[in-house]
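Down below is the structure, laid out as structure tokens.
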Amino acid sequence: MKVLCVAEKPAIAKAVAFILGGGRVSTRETKVGWIKNYDFDFDFPQFGSCQVTMTAVTGHITTIDFPENYGWGKCDNASLFTAPLLTKYNGKNSTNIAKNITDEAARSNVLMIWTDCDREGEFIGYEIMEQARKRNPNIGLDTTHRAHFSHLERSHVIHAACNTTRLDSKAIDAVMTRMELDLRTGSSFTRFLTDLFRKSLKLDGVVSYGGCQFPTLGFVVDRYKRIKSFKPEEFWYLNLSIKKKSDRSKTGTSVTWSRGHLFDRLAGLSIYQRCLEMDAEEATVVSVETKPTSNWAPLPLTTVEMQKDCARIFKFSAKQTLAIAEKLYNSGFISYPRTETDRFPRKMELKKLIEKQQQSSSWGQYASSLLNDPTKYRQPREGSHDDKAHPPIHPVIFTSGDSLNMNERKVYEYIVRRFLACCSKDATGLRTSIKLKWGTESFSTSGLVVKELNYLEVYIYNSWESSKTKIPEVNPGEKVTLTSAQLSSGKTSAPSPLTEPELIALMDVNGIGTDATIAEHIEKIIERSYVTKEDQGRGKSKTKVLIPTELGYALAEGFGQIGFDSMSLTKPFLRKNLEVKLKAICDGESSKEQVLHEIGSMYREAYALTSRSPRILTESYQKVLASNA
DNA sequence: GCAAGGTC
């Protein structure tokens, strides 16, 4: 028997081949430099002793498009909602990648899919099968084997090889549905918008619509509008400071009013006067409580967390961070950088990874202490996300960083420190809380004493410090002197423009894009001149913020005025709705045809509305220009 | 010249 195994990426093919081949693997080159064919023997319980070839693709092999006669300007845009679709190779290497599969499959009896165990992986498996059956008619959905694995631990991989199932046709249908809807809606609206803004407003460049681009823009515009419409409000609060009676110093400890802020000055004033009348000199300690507290070590690292942190710590864009992480991955220094998983598989040998970091002159000692001191190490916390395809991001081998540039070194160091931190105990401290009563009002203050830094010793990006000003040592029932008691006022301040980490977080929770694409969508709306990135603040507090351009603002406002059942294209609901329906397909609760019809007709209606009243969009733009003039 | 999803 001859078995052809195909993985989603070359690194997986190599790793699986060397595990199954037990080290006896011969390598053949292909026409595509980075893809190799690995030959070895393996005993599958399903087929007995087999000759195996393991190879890979690099993600999707094919993509969908419209036929020639539906090109830009050659047809009515609305016809794109019903136009026929064709499948074509995705980029110039795909032809050779596909041919390698076809050739190898022609000489094999069995096809076994080793793509990532997620929705897209299932579809890539289907694409591989389609190439394989071209010269091997025995291969089909009901004969193709599917290995299920989520990491590359040896016994897990062998178990996957021996316990194959079939490709999941529901997941394949869900991906087909997504692809078709994205293409039809994206092309129709993009052609319409581009032509409209070119003709009536002489605007250059492409004005694109994409189901992820627009909600991303919407988040930026939303924040901008909140800032624009912000009106500061005055508020009042009791501003109280106290000190122990025996304390001779003049300064007191400021305590926080339980009512927070009052927006009614007279109400504040009457409370203030009542308290003054009751006691203008002292307040009473109600309770003093000292409790152990902890500052939690971080969860295992996901792509989105890495991007948010690198933006916060190093001011890198999400795209820059991912590009650097990809380079570190391709050099073998870190694990696969695109993952949603924030829990390590229980069986994974984390201590072996820590061992490799002992040679570092910066964090090596800490790594050693985790291994040698049993009170230091702990199994990482487990988050609630698991993409069933990749483990959390972690360092694979140590590098001194000699072959890396400065930014690559920073990201590598961050990934190592994050990994060591999540294998560490939480930081611990003692928090003392004091509750006081002055007149009718309650106040509180608290102080922190850090006891053990633990993970913070290695995770230098977070700080948790003992309170600078010591809180007074008082007892319940004790009277304390008021060093000041005033009714103070302040003004609410406007929200800040959206930062990239905030945008990433919004996209993540609203299901806009994936770990691999969030950075691209942000980049895309900048490239389209819908938003710009601007520096805000100076020195250490300098951050980059996202501001909508006139065009971006006008698009969001214009589409907001066109009511599609209150489902504006710039809001995340439509995309979320699509995701929910795709999941329904995967769960067998809906079908490809049903979802294509439901969502497709919604977009067709939206397109009809928009194309019937193009002036809403152009006038929205002119209005923005006029108001900024 | 259009989308979003993989990956190099």
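This one's a predicted model, so the numbers in the text were calculated from it and none came from an experiment. Chain identifiers are assigned alphabetically (A, B, ...) following the order of the sequence lines, protein sequences preceding nucleic acid strands; residue numbering begins at 1 within each chain.
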**Request:** With heavy atoms under 4.0 Å as the rule, sort A:Thr190 into base, sugar-phosphate or nothing.
**Result:** sugar-phosphate
**Message:** I want to know whether A:Tyr126 and A:Phe123 have ring centres closer than 6.0 Å.
**Reply:** yes
**Pairwise 5' ranking along DNA chain B for A:Glu326 and A:His521, keeping only the more 5' one** = A:His521
**Prompt:** Hey, does A:Ile64 reach any base, or is it just sugar-phosphate, or nothing, if we go heavy atoms under 4.0 Å?
**Reply:** base
**Aromatic centroids of A:Tyr553 and A:Tyr224 separated by under 6.0 Å** = yes
**Prompt:** Tell me the side-chain hydrogen bond (donor to acceptor under 3.5 Å, both in side chains) pairs involving residues 183-194 of chain A, sequence neighbours left out?
**Reply:** A:Glu180-A:Arg184
**Request:** Using a 4.0 Å heavy-atom cut-off across all strands, classify A:Thr194 as base, sugar-phosphate, or nothing.
**Result:** base
**Prompt:** Which parts of residues 53-61 of chain A get close to DNA chain B, meaning a heavy atom less than 4.0 angstrom away?
**Reply:** A:Thr58, A:Gly59, A:His60
**Asked** How would you give the extent of chain A contacts on DNA chain B, as first and last nucleotide 5' to 3' within a 4.0 Å heavy-atom cut-off?
**Response** B:dG1 to B:dC8
**Request:** Check every strand shown and say whether A:Tyr329 touches a base, only sugar-phosphate, or nothing at a heavy-atom separation below 4.0 Å.
**Result:** sugar-phosphate
**Request:** Give A:Gly121 one of three labels, base, sugar-phosphate or nothing, depending on what nucleic acid heavy atoms sit under 4.0 Å from its own.
**Result:** nothing
**Request:** Just call it for A:Thr115: base, sugar-phosphate, or nothing, with non-hydrogen atoms closer than 4.0 Å on any strand.
**Result:** nothing
**Message:** For a 4.5 angstrom cut-off between non-hydrogen side-chain atoms, does A:Thr303 reach A:Leu322?
**Reply:** yes
**Those residues that, when tested against A:Ser208, pass side-chain hydrogen bond (donor to acceptor under 3.5 Å, both in side chains) (two or more places apart)** = A:Gln213, A:Arg528
**Request:** Give one of base, sugar-phosphate or nothing for A:Asn93, where a contact means two heavy atoms less than 4.0 Å apart.
**Result:** nothing
**Prompt:** Contact class for A:Arg184 vs. all strands (heavy atom < 4.0 Å): base, sugar-phosphate, or nothing?
**Reply:** nothing
**Asked** What does A:Phe66 touch in the nucleic acid at a heavy-atom separation under 4.0 angstrom: a base, only the sugar-phosphate, or nothing?
**Response** nothing
**Request:** Taking the six-membered ring for Trp and the single ring otherwise, decide whether the centroids of A:His390 and A:Tyr336 are under 6.0 Å apart.
**Result:** yes
**Request:** Give one of base, sugar-phosphate or nothing for A:Arg575, where a contact means two heavy atoms less than 4.0 Å apart.
**Result:** sugar-phosphate
**Prompt:** A:Phe123 near the nucleic acid: base, sugar-phosphate alone, or nothing, with a heavy-atom cut-off under 4.0 Å?
**Reply:** nothing
**Request:** State which residues pass side-chain hydrogen bond (donor to acceptor under 3.5 Å, both in side chains) with A:Lys31; sequence neighbours excluded, sorted by chain then number.
**Result:** none
**Asked** Is it true that atom NZ of A:Lys99 has more than 12 heavy atoms of other residues, nucleotides or ligands lying nearer than 6.0 Å?
**Response** no
**Fill in**
Contacts of A:Glu180 and A:Ser94 projected onto DNA chain B by closest heavy atom; the upstream (5') one is A:Glu180
**Request:** For A:Asp65, answer base if it contacts any base atom (sugar-phosphate contacts may also be present), sugar-phosphate if it contacts only those atoms, and nothing otherwise; contact means non-hydrogen atoms under 4.0 Å.
**Result:** base
**Partner residues of A:Arg119 under the side-chain hydrogen bond (donor to acceptor under 3.5 Å, both in side chains) criterion, sequence neighbours left out** = A:Glu579
